[in-house]
Amino acid sequence: MSEKISNNIDNINEKLLRPYDPKETESRIYKLWEESGYFNPDNLPERHKEPFCVIMPPPNANGSLHAGHAVFVTLEDLIIRYKRMLGFKTLWLPGADHAGFETQVVYEKKLEKEGRSRFQMKREELYKEIFDFTMQNKSFMENQLRELGASCDWSREKFTLEKDIIKTVYETFKKLADDGLLYRGKRVINWCVKHQTSLSELETISEEQTDQLYYIKYGPFVIATVRPETIFGDVAVAVNPNDPRHKDLIGQEIEVDLLTEKRKMKVIADDYVDMEFGTGALKVTPAHDPNDFEIAKRHDLPSIEVIDQFGKLNEKTGKYAGLKAEEARKVVVQDLEKAGLLLKREDYKHAVKKCYKCERIIEPRILPQWFIKIKPLAEEAAKAVKNGEVKFVTEKFEKIFFHWIENIQDWNISRQIVWGIRIPAKICDNCDEGYADIKDEITKCPKCAGGVHQDNDTFDTWFSSGQWPFAALGYPDNRDFKTFYPTAVMETGFDIIFFWVARMIMLGIYRTGKAPFKTIYLHGLIRDVQKQKMSKSKGNVISPTEMTEKYGTDAFRMALIVGNTPGSDMALSEDKIRGYKHFSNKIWNIARFVVSGAPDTEGTLKEPPKLTEKDSRLLKELGEKIKEVTDDIENYRFYLAGEKLYHYVWHTFADVIIEEAKPRLKPENPNTADRLSCQYTLRKILETSIKALHPFMPFITEEIWSIITDKKELLMIEEWPKD
RNA sequence: GGGCAAUUAGCUCAGUGGUAGAGCGUUUCGUUGACAUCGAAAAGGUCACAGGUUCGAUCCCUGUAUUGCCCACCA
């Protein structure tokens with residue numbers, strides 16, 4: 001037997017003698033995986049019974065993947081590969097999002113560069129162009145996902161504009177209408193004058209800025225306002241009912257000089273008015289302020305629109321018509337001053353709402369829109385989190401989640417854009433009433449019998465993405481839905497916790513009765529080494545494709561895992577990625593040494609020889625390490641698991657175990673039993689390490705596996721090591 | 001205005017009620033037959049500050065400071 005043992009380096013597979021070449025290896029290995037069919041749970045071997053599903057957050061198909069996408073791909077692939085090895089029937093369902101507003105904004109920028117504008121285009125024309133643009137990006141993105149090693153089931157890939165998805169979304173819209181949770185309301189909404197659409201609360205950002213607060217003589221009052229240009233839309237003066245200063249005037253009609261006219265208006269009492277602020281008197285402008293709109297509703301006041309959809313003053317403002325609100329403010333202030341109506345001005349720091357895309361100030365406008373009465377849905381979602389049906393990986397997110405969900409406001413789901421799912425509703429030409437109509441069967445207004453037209457608006461993208469888990473799995477009849485819903489883990493960026501995660505929980509429960517996932521893992525933002533946000537304009541963007549080509553996907557993945565704690569932003573540098581490229585090299589060379597020093601020519605692995613005490617101890621320690629790593633992965637401490645494996649392989653296995661093995665492996669070693677024991681142990685540690693590393697570094701481990709084992713099967717479906 | 005977090009080595013971050021850890025970077029040495037994409041060694045920290053609990057606190061509690069983030073319809 002001993003004569004068969006050889007330390008001759010010629011015996012080892014010549015592949016291992018070459019330096020590791022990630023580029024060549026990765027594309028070849030990915031093809032192997034894809035052709036094996038194992039990405040598809042239906043093709044997994046018999047032992048894979050219990051379903052385990054992760055729904056991929058569908059990337060916006062409007063550009064290429066960035067480092068943030070690489071994080072989700074890496075973490076989700078890690079989870080899926082780990083569970084697959086454990087023996088679960090794993091489905092990772094990939095998708096792509098048409099990303100309505102986001103994509104339209106991207107495309108509008110492109111149009112602008114070409115000297116075109118969406119406002120000069122026909123609806124169908126614009127839609128077609130964005131559709132082609134999206135499809136092109138989509139296929140590009142799919143290739144990038146492959147590059148990153150994503151072991152998702154491409155045969156089940158879904159796109160948010162597919163017929164069955166739209167059907168599900170329509171049915172949800174109808175159900176909301178039937179349940180009385182949907183209304184088309186004339187309300188003050190957030191309007192972006194550049195993008196010409198309304199936006200939800202989440203799509204606006206509040207920024208603090210200092211403006212002037214003007215004190216204006218206003219009939220018998222002095223009122224304070226930051227928007228004097230809206231006085232033409234004033235309909236009343238409001239005071240606090242308990243304010244002794246103004247008690248006598250409540251209910252009176254007063255006359256106010258509004259520059260263009262002297263207007264008679266009522267003095268009303270409303271609790272909303274803060275006696276402490278300004279002069280305790282508030283001018284009421286229902287058309288351009290949400291609070292004033294609410295006050296007007298309570299007191300049955302009319303509203304006068306004086307600013308148009310482009311943010312310019314309209315014909316009702318006389319000589320000011322045509323001026324942008326900001327310009328009008330200056331002129332109005334001047335004129336007030338001339339007329340002796342401006343009494344005082346002071347600096348005033350306050351928060352202003354802006355469009356989250358273009359950062360232009362939001363112009364509140366009254367517009368009929370579809371709103372969801374979200375409170376009942378929010379309550380169910382809160383319950384699901386409270387009772388543990390849904391768990392956030394870091395508790396801090398629960399607090400953030402509860403804070404938002406408990407203060408939630410009705411959700412405006414209408415967008416005045418072309419790119420998206422058109423709202424299946426009819427609007428009365430005559431009385432402007434709206435009706436959900438998913439079967440396209442309403443031909444005249446049920447209320448006034450007037451003619452109807454199709455609603456021109458599209459859904460907020462998040463309304464459809466909020467239904468993604470059950471829609472993508474084919475609710476309600478598809479076998480996949482029955483098998484895999486509720487899914488196991490939702491892994492995504494914490495920046496979309498409200499936009500997406502909260503809404504998925506709400507809509508998931510609403511439609512299916514069950515929250516769409518049991519665990520939510522939220523990763524932070526990837527920043528550059530100076531902790532700056534990555535952006536194209538700063539030139540500090542780390543491109544996944546570039547890193548993958550330079551250092552190999554495995555190295556890139558490790559750099560994204562280690563040091564990445566849930567919910568915290570992570571600094572990523574090229575140095576770090578390079579460090580893990582070195583690690584890839586180390587693994588490769590370890591394999592080369594072990595195979596040359598301990599060739600499996602006589603099946604040492606199948607029949608363990610009698611182990612020396614030292615070797616037994618080494619294997620026991622390996623088992624303990626694996627147990628720790630397993631425990632870390634189970635508890636979503638991927639950063640720790642990765643680091644521990646790294647450390648074990650390099651500083652224990654290579655630095656200590658292999659170094660100490662060298663003399664024992666020499667042909668001069670007269671103790672054959674000792675040599676055999678050593679060889680067996682090294683092979684065992686190598687195999688176990690390769691298995692445990694596979695979810696982290698799938699390519700190099702699969703490649704080494706293919707070289708060192710006689711088995712025909714892929715490492716990706718090997719059993720996760722237990723000892 | 002509310003809320004959430006962070007503060008540990010030059011940088012990015014782990015970590016524990018009992019002598020403080022990693023990666024990268026730095027310095028010195030080393031061309032040993034797995035690996036120079038390496039190895040060996042070293043330097044480097046009042047664990048933000050002030051109190052408290054404790055035999056003992058970087059860790060638990062309170063406060064302060066700084067930083068970051070989220071939420072918020074006082075004109």
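Quick note on labels: first sequence line is chain A, next is B, and so on, each numbered from 1.
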Colleague: Give a yes or no on whether the backbone of A:Asp289 and the side-chain of A:Arg227 come within a donor-acceptor separation of less than 3.5 Å.
Modeller: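 Side chain of A:Arg227 to backbone of A:Asp289: no pair is present.
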
Colleague: With rounding to the closest Å, how many angstrom separate the C1' atoms on B:U54 and B:U37?
Modeller: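 Nearest-Å result for B:U54 against B:U37 at atom C1': 50 Å.
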
Colleague: Check every atom of B:U12, B:C38, B:A14 against the side chain of A:Ala571 and return the nucleotide holding the closest atom.
Modeller: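 When the side chain of A:Ala571 is considered, B:U12 is the closest of B:U12, B:C38, B:A14.
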
Colleague: As a test of reading the structure: which of B:C74, B:U37, B:A34 is closest to the side chain of A:Phe277, going by heavy atoms?
Modeller: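 Output: B:C74.
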
Colleague: For B:U64 versus B:G25, give the span between their C1' atoms, rounded off to a whole number of Å.
Modeller: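 After rounding to an integer number of Å, I get 34 Å for this pair.
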
Colleague: Measuring only the C1' atom in each nucleotide, how far is B:U58 from B:G2? A whole number of Å is fine.
Modeller: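 Looking at atom C1' only, B:U58 and B:G2 are 31 Å apart.
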
Colleague: For the side chain of A:His651, starting at C-beta, report the closest nucleotide among B:C71, B:C4, B:G23.
Modeller: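 Closest of the options to the side chain of A:His651: B:G23.
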
Colleague: Go through B:A14, B:A22, B:A34 for me and flag the one nearest to the A:His647 side chain.
Modeller: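 Given the options B:A14, B:A22, B:A34, the side chain of A:His647 is closest to B:A22.
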
Colleague: Describe, in one word, how the ring planes of A:Phe583 and A:Tyr580 are oriented to each other, choosing from parallel (under 30°), tilted (30 to 60°) and perpendicular (over 60°).
Modeller: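 Answer is perpendicular, since the angle exceeds 60°.
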
Colleague: For B:G63 and B:C69, measure between their P atoms and round to the nearest Å.
Modeller: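 Approximately 24 Å lies between the P atom of B:G63 and that of B:C69.
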
Colleague: To the nearest Å, give me how far apart OH (A:Tyr20) and P (B:C38) are.
Modeller: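 Value for this atom pair: 17 Å.
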
Colleague: Which nucleotide in the list B:G23, B:A34, B:C74 gets nearest to the side chain of A:Tyr646?
Modeller: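 Per side-chain heavy atoms of A:Tyr646, the pick is B:G23.
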
Colleague: Of A:Lys586 and A:Ser568, whose closest RNA chain B nucleotide lies nearer the 5' terminus?
Modeller: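 It is A:Ser568 whose nearest nucleotide is closer to the 5' end.
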
Colleague: Name all residues meeting the salt bridge (charged side-chain N to carboxylate O under 4.0 Å, His left out) criterion together with A:Asp554; count only those two or more places apart in sequence or in a different chain, and write none if there are none.
Modeller: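 A:Asp554 satisfies salt bridge (charged side-chain N to carboxylate O under 4.0 Å, His left out) with no other residue.
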
Colleague: Counting heavy atoms from C-beta on, name the nucleotide in B:C74, B:A22, B:C71 closest to the side chain of A:Glu643.
Modeller: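 For the A:Glu643 side chain, the nearest candidate turns out to be B:A22.
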
Colleague: What integer distance in Å separates A:Tyr639:OH from B:U12:P?
Modeller: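 In whole Å, B:U12 P lies 19 Å from A:Tyr639 OH.
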
Colleague: Using whole Å, report how far CG of A:Leu572 lies from P of B:U12.
Modeller: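 To the nearest whole Å, that distance equals 14 Å.
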
Colleague: Between A:Ile587 and A:Leu693, is a side-chain contact (heavy atoms from CB on, under 4.5 Å) present by the stated rule, with each step listed?
Modeller: CA-CA 10 Å; A:Ile587 297 171; A:Leu693 275 170; 3.8 Å; yes

Colleague: Between A:Phe653 and A:Tyr648, how do the two ring planes meet: parallel, tilted or perpendicular, split at 30° and 60°?
Modeller: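 Parallel, since the angle between the ring planes stays under 30°.
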
Colleague: With a 4.0 Å limit, can you tell me whether A:Lys662 has a side-chain N or O closer than that to the phosphate oxygens OP1/OP2 of B:A34?
Modeller: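 So the side-chain polar atoms of A:Lys662 do come within 4.0 Å of the phosphate oxygens OP1 or OP2 of B:A34, strictly under.
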
Colleague: Do A:Phe221 and A:His246 have ring centres separated by under 6.0 Å?
Modeller: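 Yes, the ring of A:Phe221 comes within the 6.0 Å limit of the ring of A:His246, centre to centre.
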
Colleague: Is there a donor and acceptor pair, one atom on the side chain of A:Glu659 and one on the base of B:A34, closer than 3.5 Å?
Modeller: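 Indeed there is one.
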
Colleague: Atom CD of A:Glu628 to atom P of B:G15: distance rounded to whole Å?
Modeller: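 For the pair A:Glu628 CD and B:G15 P, the rounded distance is 14 Å.
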
Colleague: Determine: side-chain N/O of A:Lys666 to OP1/OP2 of B:G33, distance under 4.0 Å, yes or no.
Modeller: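 For A:Lys666, the contact criterion (side-chain N or O under 4.0 Å from OP1 or OP2 of B:G33) is not met.
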
Colleague: Mind checking if A:Val273 touches a base, just sugar-phosphate, or nothing, with heavy atoms under 4.0 Å?
Modeller: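 It contacts base atoms.
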
Colleague: Describe the nucleic acid contact of A:Ala238 in one word from base, sugar-phosphate, nothing, applying a heavy-atom distance below 4.0 Å.
Modeller: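 No contact.
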
Colleague: When you measure from the side-chain N and O atoms of A:His582 to the phosphate of B:C38, is any distance below 4.0 Å, counting only OP1 and OP2?
Modeller: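 For B:C38, OP1/OP2 do have a side-chain N/O of A:His582 under 4.0 Å.
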
Colleague: Of the nucleotides B:C38, B:C71, B:A34, which has the atom closest to the A:Trp650 side chain?
Modeller: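 Ranking B:C38, B:C71, B:A34 by closest atom to the A:Trp650 side chain puts B:C38 first.
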
Colleague: Report the residue (A:Met275 or A:Leu202) whose heavy-atom-nearest nucleotide on RNA chain B is the more 5′ of the two.
Modeller: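 Closer to the 5' end of RNA chain B: A:Leu202.
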
Colleague: Quickly, which of A:Glu346, A:Glu337, A:Lys344, A:Arg345 forms a side-chain contact (heavy atoms from CB on, under 4.5 Å) with A:Tyr214? Name it, please.
Modeller: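 The passing option is A:Arg345.
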
Colleague: Which one, B:A22, B:A34, B:C71, comes nearest to the side chain of A:Ile658?
Modeller: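 Comparing B:A22, B:A34, B:C71 against the side chain of A:Ile658, the answer is B:A34.
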
Colleague: Which part of the nucleic acid, if any, lies within reach of A:Asp655 when heavy atoms closer than 4.0 Å are counted: base, sugar-phosphate only, or nothing?
Modeller: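 Sugar-phosphate contact only.
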
Colleague: Going by atom types alone, do A:His523 and A:Asn564 pair a side-chain donor with an acceptor below 3.5 Å?
Modeller: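 Side chains of A:His523 and A:Asn564: no pair found under 3.5 Å.
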
Colleague: Using a cut-off of strictly less than 4.0 Å, decide whether A:Ser573 has a side-chain nitrogen or oxygen near OP1 or OP2 of B:C24.
Modeller: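 False: A:Ser573 side-chain N/O out of range (4.0 Å or more) of B:C24 OP1/OP2.
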
Colleague: Would you sketch RNA chain B in dot-bracket for me? Only Watson-Crick or G-U wobble pairs with both distances under 3.5 Å count, crossing pairs as [ ], other-strand pairs as |, the rest as dots.
Modeller: (((((((..((((....[..)))).(((((.......))))).....(((((..]....))))))))))))....

Colleague: Using the P atom in both, what is the distance from B:C11 to B:U26, to the nearest Å?
Modeller: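 These two P atoms come out 15 Å apart once rounded.
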
Colleague: Using the P atom as the point on both nucleotides, what is the distance between B:G56 and B:G18, in whole Å?
Modeller: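 Here B:G18 and B:G56 have their P atoms 14 Å from each other.
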
Colleague: Please pick, from B:U37, B:A14, B:A34, the nucleotide with the shortest atom-to-atom distance to any side-chain atom of A:Leu640.
Modeller: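 For the A:Leu640 side chain, the nearest candidate turns out to be B:A14.
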
Colleague: Can you tell me how far P of B:C71 sits from CG of A:Asn407, to the nearest Å?
Modeller: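 Atom CG in A:Asn407 sits about 12 Å away from atom P in B:C71.
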
Colleague: How would you label the contact of A:Thr285 with the nucleic acid (heavy atoms, under 4.0 Å): base, sugar-phosphate, or nothing?
Modeller: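 Nothing, no nucleic acid heavy atom in range.
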
Colleague: Using whole Å, report how far CZ of A:Phe397 lies from P of B:G3.
Modeller: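 Computing the A:Phe397:CZ to B:G3:P distance gives 19 Å.
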
Colleague: Centre-to-centre under 6.0 Å for A:Tyr183 and A:Phe371, is that the case here?
Modeller: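 When the ring centroids of A:Tyr183 and A:Phe371 are compared, they turn out to be within the sub-6.0 Å range.
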
Colleague: For the side chain of A:Phe498, counting heavy atoms from C-beta on, which of B:A22, B:C74, B:C71 is nearest?
Modeller: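 Comparing B:A22, B:C74, B:C71 against the side chain of A:Phe498, the answer is B:C71.
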
Colleague: Tell me what A:Asp274 touches on the nucleic acid: a base, only sugar-phosphate, or nothing, going by heavy atoms under 4.0 Å.
Modeller: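 The answer is base, as A:Asp274 lies within the cut-off (heavy atoms under 4.0 Å) of a base atom.
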
Colleague: Using the P atoms only, state how far B:C60 lies from B:G17, rounded to an integer number of Å.
Modeller: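 About 9 Å, rounded to a whole number of Å.
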
Colleague: Starting from P on B:G23, measure out to CZ on A:Phe556 and report it in whole angstrom.
Modeller: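 My rounded result for the distance is 22 Å.
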
Colleague: Mind checking what makes salt bridge (charged side-chain N to carboxylate O under 4.0 Å, His left out) contact with A:Lys586, not counting sequence neighbours?
Modeller: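 Scan of A:Lys586 (salt bridge (charged side-chain N to carboxylate O under 4.0 Å, His left out), adjacent residues dropped) gives none.
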
Colleague: Does the plane of the ring in A:His647 sit parallel, tilted or perpendicular to the ring in A:His651? Use 30° and 60° as the thresholds.
Modeller: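 Geometry flag for A:His651 against A:His647: tilted rings.
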
Colleague: Just to confirm, is there a sub-4.0 Å distance from OP1 or OP2 of B:A5 to any side-chain nitrogen or oxygen of A:Lys399?
Modeller: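 So the side-chain polar atoms of A:Lys399 do come within 4.0 Å of the phosphate oxygens OP1 or OP2 of B:A5, strictly under.
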
Colleague: Write down the distance between CZ (A:Arg578) and C1' (B:C38), rounded to a whole number of angstrom.
Modeller: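 Rounded to whole Å, this separation is 16 Å.
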
Colleague: I'd like the C1' distance from B:U46 over to B:C59, given in whole Å.
Modeller: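 Going atom to atom, C1' in each nucleotide, I get 16 Å.
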
